[in-house]
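Only a predicted model underlies this, so the values are computations on that prediction, with no experimental measurement involved. Order of listing sets the numbers, starting from 1, for every ligand and every atom in it.
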Amino acid sequence: MTQIIDGKKISAQIKDELKERVAELGRQGVKVTLAVIQVGADPASSVYVRNKKNACAYIGIRSLAYELPEETTQQELLDLIGELNDREDVNGILVQLPLPGHIEEEKVLNVIRPDKDVDGFHPQNVGALCIGRRGFVSCTPAGIIQLLKRSGIEIAGKECVVVGRSNIVGKPMALLLLRENGTVTVAHSRTKDLKEITKRADILVVAVGRPRMITSDYVKEGAVVIDVGIHRNEENKLCGDVDYESVAEKCSAITPVPGGVGPMTIAMLMNNCVESVALQQSGKVS
Ligand code: GUN
């Protein structure tokens, strides 16, 4: 029987655990606060931002929403981040991506104080992950590690293949699997004989951004398959990068789309917000 890895259930458990930790921090007089900045009104971003605010409300995190007009200048955005960096009552700062074309994403992400960078996108946090220091980890790959651990799937010693090398998912995913003592290969659009490589995987993480590209002939019998993709198919139904029907018959465990990796990203963002309090108190990341 193939194990269906239930991201909805696992993310709900994590949120409930965080709710208790936030209540305990509240009893100690600490109010966890996340500032969420959105520039423009991209409809997909608006949905993500609303989901983040709802998760904050559920857990008891105070959220400050900054919904800035599309014409906001880069300097205005940098000034707002500067203010939030200095505010003692703000623990986390998140700038929803993508930003409008006239604003340089890299400049913006680089000015967020590393100990408030709950997305884990600042180079200092990426570097910390690389060399095994404490810091914030990008939420989607961190969520995948939780999915594996909480589903009783051992990573140490396993052949792990990550398909995709983005800064947000593929690269941090590879580093996290390595940190868990997996043997890691990163494949990408220029990889030769992709199938030969993915078929070696005990744990296959797919973040290629191509609907249902990974069919059963890419997968070893009994592998664990994690699907990061989310797309709408011809019938307007959600699907992932993995051809779920054929792969589910061959693998030992798989994440569905929706209800697999997706809900974990927000749960881990909430986790980073709670962690930010301790990081700021210890002064370990700044
Ligand atoms: N846009 C799409 N995914 C993300 C994310 O994880 N963080 C931010 N800030 N923006 C995004």
> For the CD atom on Gln28, are there more than 12 heavy atoms of other groups (residues, nucleotides or ligands in this structure) within a distance under 6.0 Å?
yes
> For atom 9 (N) of ligand 1, which candidate among Val49, Asp119, Leu94 holds the nearest heavy atom?
Asp119
> Are side-chain N/O atoms of Ser46 and Gln38 paired as donor and acceptor at under 3.5 Å?
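A pair is found: one side chain offers a donor N or O, the other an acceptor, under 3.5 Å apart.
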> If we count only non-hydrogen protein atoms and require a distance under 4.0 Å, does atom 7 (N) of ligand 1 qualify as touching the protein?
yes
> Near Gln3 CD, under 6.0 Å, is it more than 12 heavy atoms from other residues, nucleotides or ligands?
yes
> Return a yes/no value for Tyr48: is any of its N or O atoms, backbone included, closer than 3.5 angstrom to an N or O of ligand 1?
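There is no such contact.
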> Between Leu97 and ligand 1, does any nitrogen or oxygen pair lie at a separation below 3.5 Å?
yes
> To the nearest 0.5 Å, what is the distance between CG on Asp117 and CG on Leu109?
7.5 Å
> Of the protein's non-hydrogen atoms, which lies at the shortest distance from atom 3 (N) of ligand 1, and what is that distance?
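Going by distance alone, atom 3 (N) of ligand 1 is nearest to Gln96 NE2, 4.6 Å.
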> Okay, side chain of Glu275, backbone of Phe136: is any donor-acceptor separation there less than 3.5 Å?
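No; judged by distance alone, with no hydrogens or angles, the pair does not exist.
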> Which atoms of ligand 1 sit under 4.0 Å from any heavy atom of Val95?
8 (C), 9 (N)
